[in-house]
Each structure stands twice: as C-alpha cells, then as structure tokens.
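First comes the structure, then the notes that go with it.
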Amino acid sequence: MLLAAYVGYVGLGAAVLQALERPVELQATQHLLQERWELLANHTCLQPPALQRLVEGIIQAYKSGITLQGNTTSLGRWDYSGSFFFSISAITTIGYGNLSPSTVVGRLFCIVFALFGIPLNLVLLNEIGQLMLLGVQHCAHRMEEVFHWQNKTSLMMKTCALVTGLLLFLLLPPLLFSDKEGWSYEEGFYYSFITLSTIGFGDYVIGMNPDRTYPSWYKNVISLWILFGMAWLALVIKFCINLLE
C-alpha cells in the first residue's frame with residue numbers, strides 16, 4: 001500500500017507538471033528554432049555547422065563560469081568566494097549543477113572532499129538541530145515555571161519555533177534576493193525552498209549574474225543561512241515524517 005501510494009503520488013506530480021510545463025517547452029522550442037532560421041536567413045555567410053559549434057561553445061563556457069559581455073568575458077565563479085559556495089553546495093548535497101570542476105584532478109578531489117564532507121555536514125546539521133530542539137524545550141520549561149501552563153506551553157513553543165523559522169529561512173530571505181539578484185519575491189521564495197530542501201535544480205543560483213556587483217559578505221552570509229536553514233527544515237521534515245508514519 002505504501003509503495004502504491006508513493007508511485008501514485010509521483011505519477012500525479014508528473015501529470016500535473018506535464019500539463020503545466022509542456023506547452024511552455026513547446027513554445028520555447030518553436031521560438032528558438034524560428035530565431036535560428038531568421039539568423040541564418042539574414043546572415044547568409046554564416047553556415048549552420050559553424051553556428052552550432054558557436055552555440056555549443058557558449059554553453060560549455062557558461063558551465064565553466066565564463067559569460068560573454070560585449071567583446072570581453074566575465075570570470076569569477078572560481079574565485080575564493082565562488083569556490084567556497086561550491087564547496088558548501090557539494091557537501092550539503094544541494095548540487096545546483098550550474099558549476100562543476102572541469103579538470104581531472106579537480107573531479108577526483110571533489111569525490112574525496114564530498115566523501116568526508118557529507119558525513120561531517122550531516123553530523124553538524126544534527127547537532128544544530130538538537131541545539132534548536134533544546135532551546136525550544138528550555139523555553140517551554142521556563143514558561144511552565146513562570147505561567148504554570150502544562151498543556152499549552154509545548155504547542156505554543158513549537159508554533160513559535162515554526163513561525164520564527166519560516167520568517168528567518170523562507171519568508172525574509174526572498175527580500176534580500178530581490179535586492180541583490182533582481183528576482184521577484186516568488187522566485188526568491190522558490191529558490192529558498194529548493195535550496196534548503198537540497199533539491200537544488202540550479203535554475204536559480206545566487207551570485208551568478210555578471211551584470212550585478214555583489215558585496216564580499218553576500219555569499220558567506222548565504223552559506224550560513226543554508227547551514228542553519230537546512231537544520232531547521234530537517235526538523236520540519238522529520239515532524240512530517242512522524243505524521244505520515
């Protein structure tokens with residue numbers, strides 16, 4: 001029964017996503033093909049194989065962190081702050097997919113780094129989660145002593161912890177992303193959940209817009225937000241698991 005419910009849930013999600021996203025995909029494909037044929041028609045000296053090689057080269061360069069800006073290129077994804085953020089996304093298993101090592105040595109190092117980093121990250125997240133729970137329990141105990149509430153205190157503190165976590169990790173960060181990245185609030189909220197849940201599609205990643213200048217503290221603060229936000233969301237997911245079980 002559990003397997004049937006699982007398959008049915010995934011199948012329902014697939015059907016809904018197909019209905020929502022498939023028409024947009026077809027429209028984008030037709031638009032891209034139309035622009036390609038118009039470009040070739042207006043520039044007869046440009047051959048289709050040459051255009052294809054240029055497009056593939058641009059895609060490969062973008063994956064390596066290089067973007068075109070007029071007659072120059074923009075670097076910076078592999079500076080220290082960018083490398084630090086990549087390390088965080090690796091050991092937290094978010095894995096955005098927008099950036100990856102291109103050298104053989106870099107890939108081998110990434111394997112070893114993640115092999116020891118993922119357990120270290122899980123241990124740290126568990127400790128942070130336990131500290132959060134202890135804090136909530138301590139506050140609940142203090143309120144019981146002061147107000148002599150026996151039944152309402154635990155529920156009240158859990159509700160406060162949930163609301164505080166929602167504000168700190170899901171509702172307020174999109175405002176920062178709107179300011180620094182130019183995203184809408186909905187896009188920032190979507191990025192927040194996709195990141196903290198470690199789904200990490202990679203369609204939205206902070207600090208990757210070559211047209212914007214980011215402060216030096218930005219990625220470091222976001223790294224801390226990811227760490228504590230994942231610990232909080234893990235507690236929420238654990239609560240949902242207990243309800244389902």
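- Qualifying ring pair (Phe, Tyr, Trp, His ring centres under 6.0 Å) partners for Phe193, counting only residues two or more places apart in sequence or in other chains: none.
- Residues Leu171 and Phe189 meet the side-chain proximity criterion, which asks for heavy atoms closer than 4.5 Å.
- In this structure Ser192 satisfies the side-chain hydrogen bond (donor to acceptor under 3.5 Å, both in side chains) test with no other residue, sequence neighbours excluded.
- Evaluation of the ring pair (Phe, Tyr, Trp, His ring centres under 6.0 Å) rule for Phe201 yields no partner, not counting sequence neighbours.
- Test Ile199, Thr198, Leu122 against Thr93 for side-chain contact (heavy atoms from CB on, under 4.5 Å) and you get one pass: Thr198.
- Judged purely by distance below 3.5 Å, without hydrogens or angles, the side chains of Glu56 and Gln52 pair a donor atom with an acceptor atom.
- Hydrophobic cluster membership differs between Leu131 and Met230, with clusters built from Ile, Leu, Val, Met, Phe, Trp and Tyr side chains linked at under 4.5 angstrom.
- Linking Ile, Leu, Val, Met, Phe, Trp and Tyr residues whenever their side-chain heavy atoms come within less than 4.5 Å leaves Ile206 and Ile91 in two separate clusters.
- For the side-chain hydrogen bond (donor to acceptor under 3.5 Å, both in side chains) test, residues two or more places apart in sequence or in another chain that qualify with Asp203 are Tyr190.
- Within the structure, the ring pair (Phe, Tyr, Trp, His ring centres under 6.0 Å) test picks out the following pairs touching residues 103-138 (sequence neighbours left out): Phe109-Phe113.
- In this structure, CD1 on Ile128 lies 12.5 Å from CG on Leu133, to the nearest 0.5 angstrom.
- Of the residues listed (Leu172, Leu166, Leu168), the one engaging Leu170 in a side-chain contact (heavy atoms from CB on, under 4.5 Å) is Leu166, and it is the only one.
- Judged as a ring pair (Phe, Tyr, Trp, His ring centres under 6.0 Å), and not counting sequence neighbours, the contacts of Trp183 are Phe177, Tyr191, Tyr204.
- Hydrophobic cluster membership of Leu244, counting Ile, Leu, Val, Met, Phe, Trp and Tyr whose side-chain heavy atoms lie under 4.5 Å apart directly or via other members: none, as it forms a cluster of its own.
- Counting non-hydrogen atoms of neighbouring residues, nucleotides and ligands closer than 6.0 angstrom, the CZ atom of Phe84 reaches no more than 12 such neighbours.
- Residue Val221 is grouped with residue Ile226 when hydrophobic side chains (ILVMFWY) are merged at heavy-atom distances under 4.5 angstrom, including chains of intermediate members.
- Proximity of Asn242 to Glu245: side-chain heavy atoms (C-beta onward) are separated by under 4.5 Å at one or more points.
- Not counting sequence neighbours, the partners of Tyr214 by the ring pair (Phe, Tyr, Trp, His ring centres under 6.0 Å) test are Tyr218.
- Through chains of ILVMFWY side-chain contacts below 4.5 Å, Leu20 is grouped with Leu12, Val16.
- Residues forming a salt bridge (Lys or Arg N to Asp or Glu O under 4.0 Å) with Glu25 (at least two apart in sequence, or on another chain): Arg22.
- There is a side-chain donor-acceptor pair under 3.5 Å between Glu35 and His31.
- Taken from CZ in Phe85 to CE in Met208, the straight-line distance is 6.5 Å, to the nearest 0.5 Å.
- Between Trp225 and Thr195 the shortest side-chain heavy-atom distance falls below 4.5 Å.
- Here the straight-line distance linking atom CG of Leu233 with atom CZ of Phe169 works out to 10.0 Å at 0.5 Å rounding.
- Sequence neighbours left out, not one pair with a member in residues 159-185 passes salt bridge (Lys or Arg N to Asp or Glu O under 4.0 Å).
- For the side chain to side chain contact (heavy atoms under 4.5 Å, CB included) test, residues two or more places apart in sequence or in another chain that qualify with Ser184 are Glu186, Glu187.
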